[in-house]
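This report refers to the structure that appears directly beneath it.
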Amino acid sequence: MSEASKFTPRVFSGIKPSGGLTLGNYLGAIKRFVDWQDAGTHETIYCVVDLHAITVWQEPAVLHAATREVAAGFIASGIDPVKSILFNQSQVSAHAELGWIFSCVARVGWMNRMTQFKDKAGANAEKVSLGLYAYPALMASDILLYHATHVPVGEDQKQHVELTRDIAQKFNHDYKVDFFPETAPVIEGPATRVMNLRDGTKKMSKSGESDMERINMTDDAATIAKKFKKARTDPEPLPETLDGLKDRPEAKNLVDIYAGLSGLSAEQVITEYAGAGWGKFKPALAELAVEKLGPISTEMARLMADPAEIDRILAHGADQAREIAQPILDETYRIVGMVGR
Ligand code: ATP
Ligand code: MG
């Protein structure tokens, strides 16, 4: 990225209001967003990506509430609307406009390689929405509309951020410009892929079928304790070294979650709990999760009681986002050859 210096150091990331926030969203995404904001080295832009949510059916009233809930989750976790730009995607129409242009840049063959589409569509690929298939082009637009240089995401989104780079490169190449940056995915921390509590081969998702497979950020202490207690594990105690977690996905997941919540490394967690059985480790993990998530969910509930204030924050964020996005969209249209810009 020899040209990187011409782009303002800028972070963009988003979360879909496709359900309640999970511990996976918190450890893989939101906690990292707060770290980037507080580091102060980059402008930080965070988005509730409601246009992405409707790639699968959303009941309008539920989507409405979930959008505010995700915004409340961001703020309660430490996103400060003064330090970061926080808004919901549909309020900035430039996302959809640039998304269309990128749909014309991206190749069908690229989309066919997206593993998340294959996972989500499953055997049902003929029946899912066109939007679900095309959504990585809209995601590229979300990022490149701000010329974002860094995108903190969980491991599952790596392929889509790489596709964003491919789209930027192809656009720059086809139009003979150096207009869009090559954005870097940033996948950091001990819990970049939190797994489903009932099936260690699948990631934890807010849209997953059963509530028992995930920890919601709004779960109360008793629910958190119950879910960890029932989490699937093998019968072996925790190993003496990190190596001993190989081929033990469920055990590794719980250790990674403990590390993500405590700020320790997985190795430090293993050292502390070497040889411990699940009867000891699971209650300790539940206690730690309640200690970390409890204050956040209390604050979320307080914020949710005043939806007008959340809406005001999102509207203000959308104004700020538009100021950055509009000139970039206008220039894109000019480069493409559209009349009137
Ligand atoms: P859905 O099931 O609707 O896709 P989701 O839980 O996967 O919901 P997204 O809105 O798709 O959430 O993703 C928001 C952010 O959270 C992304 O950066 C994604 O990588 C991250 N993320 C999602 N699930 C996990 C997980 N299990 N572990 C770590 N990070 C995750
Ligand atoms: Mg997802």
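One-based numbering, in listed order, for ligands and for the atoms of each. The structure displayed is predicted, hence computed values, not measured ones.
- Remark: side-chain polar atoms of D220 are paired, donor with acceptor, to backbone N or O of T223 under 3.5 angstrom.
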Under 3.5 Å, which donor-acceptor pairs link side chains of residues 71-79 to any protein atom two or more places apart or in another chain?
{"residue": "S77", "atom": "OG", "partner": "G73", "partner atom": "O", "Å": "2.7"}

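- For the pair S13 (side chain) and P152 (backbone), a donor-acceptor distance under 3.5 Å is present.
- Here's the thing with P152: none of its N/O atoms is less than 3.5 angstrom from an N/O atom of ligand 1.
- Residue Q326 qualifies as enclosed at atom CD: its count of foreign heavy atoms under 6.0 Å is above 12.
- Residue I15 has no N or O atom closer than 3.5 Å to an N or O atom of ligand 1.
- Ion pair E309/R312 flagged as a salt bridge, since at least one NZ, NE, NH1 or NH2 atom sits closer than 4.0 Å to an Asp/Glu carboxylate oxygen.
- Other residues, nucleotides and ligands contribute over 12 non-hydrogen atoms within 6.0 Å of the NZ atom of K118.
- Y135 pairs in a side-chain hydrogen bond (donor to acceptor under 3.5 Å, both in side chains) with only one of the listed residues (K16, Q116, H52), which is Q116.
- The atoms of ligand 1 that sit less than 4.0 Å from any heavy atom of Q157 are 17 (C), 19 (C), 20 (O).
- If you number the atoms of ligand 1 from 1 as listed, the ones under 4.0 Å from a heavy atom of T192 come out as 28 (N), 29 (C), 30 (N).
- Close N/O approach between G24 and ligand 1 is found [any backbone or side-chain N/O within under 3.5 Å].
- The distance from ligand 1 to the heavy atoms of S207 drops below 4.0 Å at these ligand atoms: 1 (P), 2 (O), 3 (O).
- Of all non-hydrogen atoms in I270 and P239, the two that sit nearest each other are CG2-O, 3.6 Å.
- Using a 4.0 Å cut-off between charged nitrogen and carboxylate oxygen, K227 and D219 count as a salt-bridge pair.
- The residue among A53, G14, G154 with a heavy atom at the shortest distance from atom 18 (O) of ligand 1 is G154.
- Listed by number with element, the atoms of ligand 1 under 4.0 angstrom from any heavy atom of K120 are 1 (P), 2 (O), 3 (O), 4 (O).
- With respect to atom 10 (O) of ligand 1, the closest heavy atom belonging to the protein is K206 NZ, 2.7 Å.
- At a 3.5 angstrom cut-off on N or O pairs, K16 counts as close to ligand 1.
- Residues F12 and H42 fail the side-chain proximity criterion, which asks for heavy atoms closer than 4.5 Å.
- Annotation: atom 28 (N) of ligand 1 to nearest protein heavy atom, V194 N, 2.8 Å.
- The nearest protein atom to atom 24 (N) of ligand 1, hydrogens excluded, is given as K203 NZ, 2.8 Å; this is a heavy-atom distance.
- Residue-ligand proximity, G28 to ligand 1, at heavy-atom distances under 4.0 Å covers atoms 29 (C), 30 (N).
- The nearest protein atom to atom 20 (O) of ligand 1, hydrogens excluded, is given as D156 OD1, 2.6 Å; this is a heavy-atom distance.
- Cluster partners of L63, by chain and number: I54. The rule joins Ile, Leu, Val, Met, Phe, Trp and Tyr whenever side-chain heavy atoms lie under 4.5 Å apart.
- Within ligand 1, counting atoms from 1 as listed, the ones closer than 4.0 Å to a heavy atom of S18 are 1 (P), 3 (O), 8 (O).
- Close approach of ligand 1 to A29 (heavy-atom distance below 4.0 Å) involves ligand atoms 15 (C), 16 (O), 18 (O).
- Regarding atom 13 (O) of ligand 1, its nearest protein heavy-atom neighbour is N25 ND2, 4.1 Å.
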